[in-house]
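What follows is a short report on a single structure.
Letters A, B, ... mirror the listed sequences (proteins, then strands); counts begin at 1.
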2 protein chains.
Amino acid sequence: MKYDISYEEYMEKVKLGILTESGNCPVIPLLRMLQGKWKFEIIYELCMKDAIRFGELKKNIDGITNTMLTSSLRELEDDGLVSRKQFNEIPPHVEYSLTEKGKDLLPIFYAMTKWGFKYIP
Amino acid sequence: MKYDISYEEYMEKVKLGILTESGNCPVIPLLRMLQGKWKFEIIYELCMKDAIRFGELKKNIDGITNTMLTSSLRELEDDGLVSRKQFNEIPPHVEYSLTEKGKDLLPIFYAMTKWGFKYIP
DNA sequence: CCGTATCCTATATGATACTG
DNA sequence: CAGTATCATATAGGATACGG
């Protein structure tokens, strides 16, 4: 499988500059997906539960507005990281959850956490 | 050492919500450091060489302006990821390089690259 | 060569009111 | 409950000219 690159192979490609050539770099698109003030916190909330409702997300993420929560969720959905399930009930009921693609971000956050434990006071 | 957390321990803390509590989360500060249109490309250029000059960075990073290159480098320097060495010569000569803290980001980029190879077309 | 200063535009985020 | 619509503000990014 093309994506089972080893760390040694990766370092070699970095040194040769192969990964950044002409839009080859897979990191920039991912950083774009995570950009924005609330994206990571939203993903983090979604990590903790199998599914979570709009209102609960809003309650848990301190300071976020309707507008930002909605637009962030839409973008994460468009990027395939989050899925939205709507129940046609009264009152309305919507549940958000991570897709497999979204759950596969966890090893990245793990690596970031290890770095952070070392360097963030 | 506090930062040698295992993946299992990490996953457990995620589920319990411990890592996001009251500013505990080490990932958000890191994401902030990498935020901005040019930061990652700059770090990537610095990965490939031991040291690189301002002019060469500008030449290699397509489309970046003086203003953005300067301000991005300053912020990376303030965050301790990049170091700046000035040679007092005529004409002026400045070299930028990654610090240890900056080099330690590589496992994160490796994890991102693996994810990207799997999911970025 | 390696920037800074200034001004301008674009995008991101925020506040508030309202609705199916 | 889960949003949308509208308007306002803040921050990021860009263009250009100039200086040590």
Side-chain angles (χ1 to χ4, degrees), chain A residues 25 27-46 49-79 81-98, chain B residues 25 27-46 49-79 81-98:
Chain A
C25 179
V27 175
I28 289 175
L30 174 54
L31 282 172
R32 297 275 175 277
M33 290 181 197
L34 301 180
Q35 223 155 36
K37 190 171 175 184
W38 306 102
K39 295 273 182 73
F40 178 75
E41 290 185 70
I42 293 170
I43 294 173
Y44 216 106
E45 285 297 320
L46 295 171
K49 307 242 173 76
D50 287 336
I52 187 168
R53 298 177 64 166
F54 185 91
E56 200 175 352
L57 272 173
K58 179 155 185 220
K59 189 164 57 65
N60 292 352
I61 300 175
D62 194 51
I64 198 166
T65 59
N66 273 359
T67 321
M68 287 311 295
L69 182 52
T70 304
S71 72
S72 301
L73 282 169
R74 285 288 171 281
E75 288 174 22
L76 291 170
E77 213 188 334
D78 292 344
D79 289 330
L81 302 175
V82 163
S83 76
R84 175 181 187 276
K85 187 172 180 188
Q86 179 167 350
F87 299 81
N88 287 318
E89 305 168 352
I90 306 289
H93 177 172
V94 176
E95 282 183 0
Y96 291 94
S97 57
L98 286 184
Chain B
C25 179
V27 175
I28 289 176
L30 175 54
L31 282 172
R32 297 277 175 275
M33 289 181 198
L34 301 179
Q35 224 154 33
K37 191 171 177 186
W38 305 102
K39 294 275 181 72
F40 178 75
E41 291 185 68
I42 292 169
I43 294 173
Y44 215 105
E45 285 296 320
L46 294 171
K49 307 239 172 78
D50 287 337
I52 186 167
R53 299 179 62 169
F54 185 91
E56 199 177 351
L57 273 172
K58 178 154 188 221
K59 190 163 59 64
N60 292 353
I61 300 174
D62 196 51
I64 198 167
T65 58
N66 273 0
T67 321
M68 288 311 294
L69 182 50
T70 303
S71 73
S72 301
L73 282 169
R74 286 288 171 281
E75 288 174 22
L76 291 170
E77 214 189 333
D78 292 344
D79 288 331
L81 302 175
V82 163
S83 74
R84 177 181 186 274
K85 187 172 180 187
Q86 180 168 348
F87 298 81
N88 287 319
E89 303 167 356
I90 307 288
H93 177 172
V94 177
E95 282 184 1
Y96 291 94
S97 57
L98 286 183

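In this structure, B:Lys85 atom NZ and C:dC2 atom P are separated by 15 Å, rounded to whole Å. Rounding to whole angstrom units, CD of residue A:Glu41 and C1' of C:dT13 are separated by 14 Å. Between the P atom of D:dA12 and the CE atom of B:Met33 lies a distance of 15 Å, rounded to the nearest Å. Rounded to an integer number of Å, the gap from B:Met68 CE to C:dT4 C1' is 15 Å. To the nearest angstrom, P of C:dA12 lies 15 Å from CD1 of A:Ile42. Following rounding to the nearest Å, B:Leu73 (CG) and C:dG3 (C1') show an atom-to-atom distance of 11 Å. Computed from coordinates, the B:Ile64 CD1 to D:dA12 P distance equals 15 Å when rounded to whole Å. One interatomic measurement links the two molecules: CZ of A:Arg32 to P of D:dA12, which rounds to 14 Å at whole-angstrom precision.
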**Request:** Using the side chain to side chain contact (heavy atoms under 4.5 Å, CB included) rule, take A:Gln86 and A:Asn88 through it: C-alpha gap first, then chi angles, then the decisive distance, then the call.
**Result:** CA-CA 6 Å; A:Gln86 179 167 350; A:Asn88 287 318; 3.5 Å; yes
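A distance of 11.0 Å separates OG1 of A:Thr70 from CD of A:Glu77, quoted to the nearest 0.5 Å. The distance from the CG atom of B:Leu57 to the OH atom of B:Tyr96 is 8.0 Å, given to the nearest 0.5 Å. Here the NZ atom belonging to A:Lys85 is positioned 9.0 Å from the NE2 atom belonging to A:His93, to the nearest 0.5 angstrom.
Sorted by first then second residue, the side chain to side chain donor-acceptor pair (under 3.5 Å) pairs that include residues 32-43 of chain A, not counting sequence neighbours, are A:Lys39-A:Glu75.
Heavy atoms of A:Phe87 sit nowhere under 4.0 angstrom from any nucleic acid atom. At the heavy-atom level, A:Thr65 lies under 4.0 Å from the strands shown only through sugar-phosphate atoms.
Closest to the B:Thr70 side chain, of the nucleotides C:dC2, D:dA2, C:dT4, is C:dT4. For B:Pro92, whose side chain is taken as the heavy atoms from C-beta onward, the closest listed nucleotide among D:dG3, D:dG20, C:dT6 is D:dG20. Distances from the side chain of B:Thr67 to the nucleotides C:dA5, C:dT4, C:dG14 place C:dA5 closest. Side-chain atoms of B:Pro91 lie closest to C:dC1 of the nucleotides C:dC1, D:dT4, C:dG14. Between D:dG14, C:dT16, D:dG3, one nucleotide has an atom nearer to the side chain of B:Lys37 than all others, and that is D:dG14.
You won't find any donor-acceptor pair under 3.5 Å spanning the side chain of B:Ser71 and the base of D:dA12, going by distance alone.
Comparing A:Gln35 and A:Asn66 by the nucleotide of DNA chain D whose heavy atom lies nearest to each, the residue mapping closer to the 5' end is A:Asn66.
Residue A:Tyr96 places no side-chain N or O under 4.0 Å from the OP1 or OP2 atom of D:dC1. Remark: A:Arg53 is not in phosphate contact with D:dG3, judged by side-chain N or O atoms under 4.0 Å from OP1 or OP2. When the side-chain nitrogen and oxygen atoms of B:Arg74 are compared with OP1 and OP2 of C:dT4, one or more of them lie within a distance under 4.0 Å.
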